[in-house]
Amino acid sequence: MGSLIRQITLKVANERDSELEACEVLDTFAKKCDFLPESIDEMRLAFIEALINAKEHAPKNLPEGGETDVQTSFLYDGENLTIQVRDFGQGFNPTQVEKPDIKKKLKSANKRGWGLMLMEKLMDGVEISSFPPSGTLIKMVKKRIKIDPPDSGDLIRERKRIERLKYILGSFIDLSSFLCQNRDLETGLRSMLRILLGTLGVSRGAIYIVDPTHDGLHCIVDIKLRAKEKFPQIRLSPADLANLSNLENLEVSSAIARLSPDFFQTFTKEEAEQVYLLKADTDVLGILVLGARFRLEDNEAYDGDLLSTLSRNISSAINTFRLMEQLKSANTELDTRVKELSAVREASQSISSELEMENLPFTVERIFQNVMKIGKFSLALHDPSENRYSLCQTGRELPQVLDLWSSPISRYVIQKMTPLFVADVTREKRFQFPRAKNYQTPSFIVIPVVVQEEVLGLVNLTDRTDGQPLTERDFNLAQLLCAQLGIALKNANLYKLGITDGLTHLYTQHYLKMRLAQEISRLRRIKSPLSVIMMDMDGFRALNEAHGDFVGDQVLSKVSNIIKRQIRFNDIPCRCGGEKFALILPDTHLKGAVIVAEKLRTTIETSKILHQATELKVTASFGVATFEINMSLEQFLEAADRQLREAKAKGGNMVWGLTEEDGAN
């Protein structure tokens, strides 16, 4: 007896997996209209393709009242069942869509063309009408057939089976291609499961995959089974997974029941009727869980073989995705390493070409900022004449000298000559971190710059500019860069020996002129101030005559140490011969230079210099000048020298440089 209902109209929500519920309605209606199971399978496949096509092109996220649903209807006239699927998208021209065969499908998937071809092959008539920009109507017709004679039914079933297999394999090729493009695994597997459930007429299902971080399997895809809610994880030991891998049959319901009894206590037989193993070679990848079929009387003999084949296809897709992810990760790692090595090479060239000790810290800081995104950098350089580590002033407010007694970490690194990486100060037990609150991230790196068993410097790195903590990779990269820094420091020290005075370890008069020319050139480019201090010891000739040249040398050495302690790292102290000195002060106005000079004058005057229990009285006079744009180098030095002569003429032990308009001399 045929169905008493001749037409059904549905509105299918444009939501995930809604086509499966629509298929159940079609299944029931077609069965009541006395269609053969094989014909129902064909209609279901074509209907799924039509719905997927319509859902993809239907408008989404419209204002309230907009039509986002897909309208469908089933009409039976006693001989033919007509299926209509209508969306309200932009529409398209079906004559311009390529319709590939299975061989083309293996090479280059065209999802829409494949779906249209399947609809035409599976149905007895297909008509597509497009109404740009108002959507598309797909109309499909299936004739009801009777098997006569009855023996011909086997041929029909075999033909239907081949068509169904071609459809599923074509769709899986689509999705495997999708996964090969490093797309989302969950999205690809959900599409596979949705097609599998629809084409086989299965009501619900889920896919579990091996969880690398925990023992067992976790649910990645769930369609109408509520597995993610009811049983998100199947706990299996490595031995359990090995036992599953050794099974010859991919249908493993009994094995899962034995290894995880709670699974089948949670799900009814209708919810989890079959469980198929997903594996690649001997590696278990997961399981496929299938619920009952729409038509409970269907239980064809080939279903087991078909599901085993499809399980292998799903396994292949998962394995391919993971291999692509590994390849992508390896390529990313390789790209990162290449970039790092290139950065190290460029940094090495930059560092090695910098022979000026005053410029080296700025070059190194810039390299760490560019290569490692370091936000806070400091470099302390060893001063052998004072046996201390002086902190380079590169912009941060830091003390002049590294106090090793109040810096146990620095003291530890220098003593051990070993780099230190602390990933998280809250978990580090060896040291206290009283200044940790000053940093944005809990990680830092301290690296000694060691050359020939001598610690020439100390590099401290913390607070990446992107807010990320420092990593082991950062630590290794920093050590590579610091190895280049060690060579550069050695070269800079050797270079400095050739341009410094042997007694005072200050720069020579020749270097004074060379460096001053460079600073003037820089000033003309960036319009920054530049000052010079000329300094001369008061009564030095009389001191030499009274106590001898040896005492005079001691005084000069003592004064040079005072100068080095009082000036910035990037200031340039020079000895111009005899008891005369000059200081180049980049980025310093006249008032600032006078302050520096006055500080030096006071310190020298109050310093105690003893000779045979006698305290020697030592003072100095200072002349200060600031560069003006129309000056030559010689005029600049002459201006400072003129100020010095004026100070000496006024009785010495004074600073001369400010004009009367500025308030004092």
Side-chain ion pair, Glu519 and Arg515, N-O less than 4.0 Å: yes

Asp538 with Arg601: basic N within carboxylate O range, under 4.0 Å: no

Any residue meeting salt bridge (Lys or Arg N to Asp or Glu O under 4.0 Å) with Glu365, in chain and number order, not counting sequence neighbours: none

Can a donor-acceptor pair be found between the side chains of [X] and [Y] at a distance below 3.5 Å?
X	Y	value
Thr471	Asp474	yes
Asp463	Thr441	yes
Thr603	Arg565	no

Sidechain-backbone polar pair: Asn370 side chain, Arg366 backbone, donor-acceptor under 3.5 Å: yes

Does a side-chain heavy-atom distance below 4.5 Å link [X] with [Y]?
X	Y	value
Leu644	Met535	no
Phe581	Pro573	no
Ile209	His218	yes

Within 6.0 Å of NZ in Lys650, more than 12 heavy atoms from elsewhere: no

Enclosure of Lys513 NZ (heavy-atom neighbours >12, cutoff 6.0 Å): no

Partner set under side-chain hydrogen bond (donor to acceptor under 3.5 Å, both in side chains) for Asp549, not counting sequence neighbours: none

